[in-house]
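All chains are named by letter (A, B, ...) in the order of the sequence lines, taking the proteins before the strands, and each is independently numbered beginning at 1.
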Protein chains: 2
Amino acid sequence: MSANSRLTIAAHALAWIGLYQRQGHEVATSEQIATSANTNPVVIRRLLGELRRAGLVQSRRGVGAGWSLARELESMTLLDVYEAVESGPLFAMHRTTPDQGCVVGHGIQPAMQGIYEGIEETLRHELARVTLENVLRDVLAAPR
Amino acid sequence: MSANSRLTIAAHALAWIGLYQRQGHEVATSEQIATSANTNPVVIRRLLGELRRAGLVQSRRGVGAGWSLARELESMTLLDVYEAVESGPLFAMHRTTPDQGCVVGHGIQPAMQGIYEGIEETLRHELARVTLENVLRDVLAAPR
DNA sequence: CGCAGTCGTAACAGCAAAGGTTGCAACAGA
DNA sequence: TCTGTTGCAACCTTTGCTGTTACGACTGCG
């Protein structure tokens, strides 16, 4: 499906900021998060920018700048993160319009549309069941 | 997410073959299906080849060649089709290993792995609820 | 006021996957 | 033998993700 890692990295960043704040720090830098996720700070800033637009994090500029949570981890779900960083449907329709003169070509898109909507609704429901607090707890529960 | 249309096109092809056979024809050609789906016959042959490997369709070669269903549409689900034409997980992990010296970097992958597995199981369950017979019925039910 | 550290963002390259296209060998029925 | 179709390789284009560099904007501090 050519899956991407945006949801994973975003969850990683949020868990990292949340834990860091619980350790008494005010803000986390994209540099620190990028080191933990083993990627480039710009990648982190881009993703966190999308999370900020969704109201999940805040950023400060200038010296001592960085990122902080805009809400508690308990109140954020993977659905919030998913909707912030992923766009578009899970399954795509035909790239070109099917033959409308054919019974199947005519009816296939509404049929699949209805089916896909139900499936995506279920997916959203599942994502909404997991909070970032759950994620952080699972992270800390990993055997070392 | 950069969704693709493979599941849609595969369902289209199966519905087309199923309907065509009910109209009394033995086999359908990739040319006919491609016309209905408004794409290239090779694209259809590639997809149907994967469905054949999964035991959903058969092909005949030579003159009068073409494709036919290997089972009834009632016995095929979207999960069968999905597993035949899609590979890999819905959500990807980090492209590079996160910093194992960091608590979050160390625990994030097992944590997300567990969460993603549950979600994908739910997705498979949803896909398994829809048969290709359901799809064809929905297709034929579309207002013209 | 200027310095320093960090964000914000544009620009570009590399890579992978999907989809489209062409070409041709293999096959099998007439 | 001829013909229509599959099987499949090869190649191209497009798209999206990821990584990287570069640099302006911002702001606390000395």
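Remark: the backbone N or O of Glu26(A) is paired with a side-chain donor or acceptor of Gln21(A) at under 3.5 angstrom.
Where DNA chain D meets chain A (any atom under 4.0 Å from a heavy atom), the bounding nucleotides read 5' to 3' are dC17(D) to dG28(D).
Between Ser59(A) and dG8(C), a side-chain N or O to OP1/OP2 separation shorter than 4.0 Å is present.
Nearer to the 5' terminus of DNA chain C, by closest-nucleotide assignment, is the contact made by Asn4(B) (compared with the other of Asn40(B) and Asn4(B)). The residue among Arg60(B) and Leu47(B) whose nearest nucleotide of DNA chain C lies closer to the 5′ end is Leu47(B). Toward the 5′ end of DNA chain D lies the nearest nucleotide of Gly62(B), the other residue of the pair Gly64(A) and Gly62(B) mapping further downstream. Nearer the 5' end of DNA chain D, as judged by each residue's closest nucleotide, is the contact made by Ala28(B), out of Ala92(B) and Ala28(B).
Between His94(A) atom NE2 and dG20(C) atom P the separation is 10 Å, expressed in whole Å. What separates CG of Leu7(B) from C1' of dA18(C) is a distance of 15 Å, to the nearest Å. Rounded to whole angstrom, the span from the CD atom of Glu31(A) across to the P atom of dG5(C) amounts to 12 Å. Summarising the geometry, the separation between CZ on Arg95(A) and P on dA17(C) is reported as 15 Å, rounded to the nearest angstrom.
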Are any protein N/O atoms closer than 3.5 Å to N/O atoms in nucleotides 9-13 of chain C? If there are, list each pair with its distance.
from	atom 1	to	atom 2	distance (Å)
dT9(C)	O4	Arg45(A)	NH2	3.4
dA11(C)	N6	Arg46(A)	NH1	3.3

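Within a 6.0 Å radius of NE2 in His125(A), other residues, nucleotides and ligands contribute 12 heavy atoms or fewer. For Arg129(B), the CZ atom counts as loosely surrounded, since its 6.0 Å shell holds 12 or fewer non-hydrogen atoms of other residues, nucleotides or ligands. Within a 6.0 Å radius of CD in Glu74(B), other residues, nucleotides and ligands contribute more than 12 heavy atoms.
A donor N or O paired with an acceptor N or O is found under 3.5 Å between the base of dA26(C) and the side-chain atoms of Arg61(B).
Contact between Ile108(B) and His94(B) at its shortest, heavy atoms only, is CG2-CE1, 3.5 Å. Looking at every heavy atom in both residues, His12(B) comes nearest to Gly105(A) through CE1-CA, 3.9 Å. Taking each heavy atom of Ala84(A) and Ala54(A) in turn, the nearest pair found is CB-CB, 3.6 Å.
When only modelled atom types and interatomic distance are considered, Asn38(B) and Thr96(A) share a side-chain donor-acceptor pair under 3.5 Å.
Counting heavy atoms from C-beta on, the side chains of Arg6(A) and Tyr82(A) never come closer than 4.5 Å.
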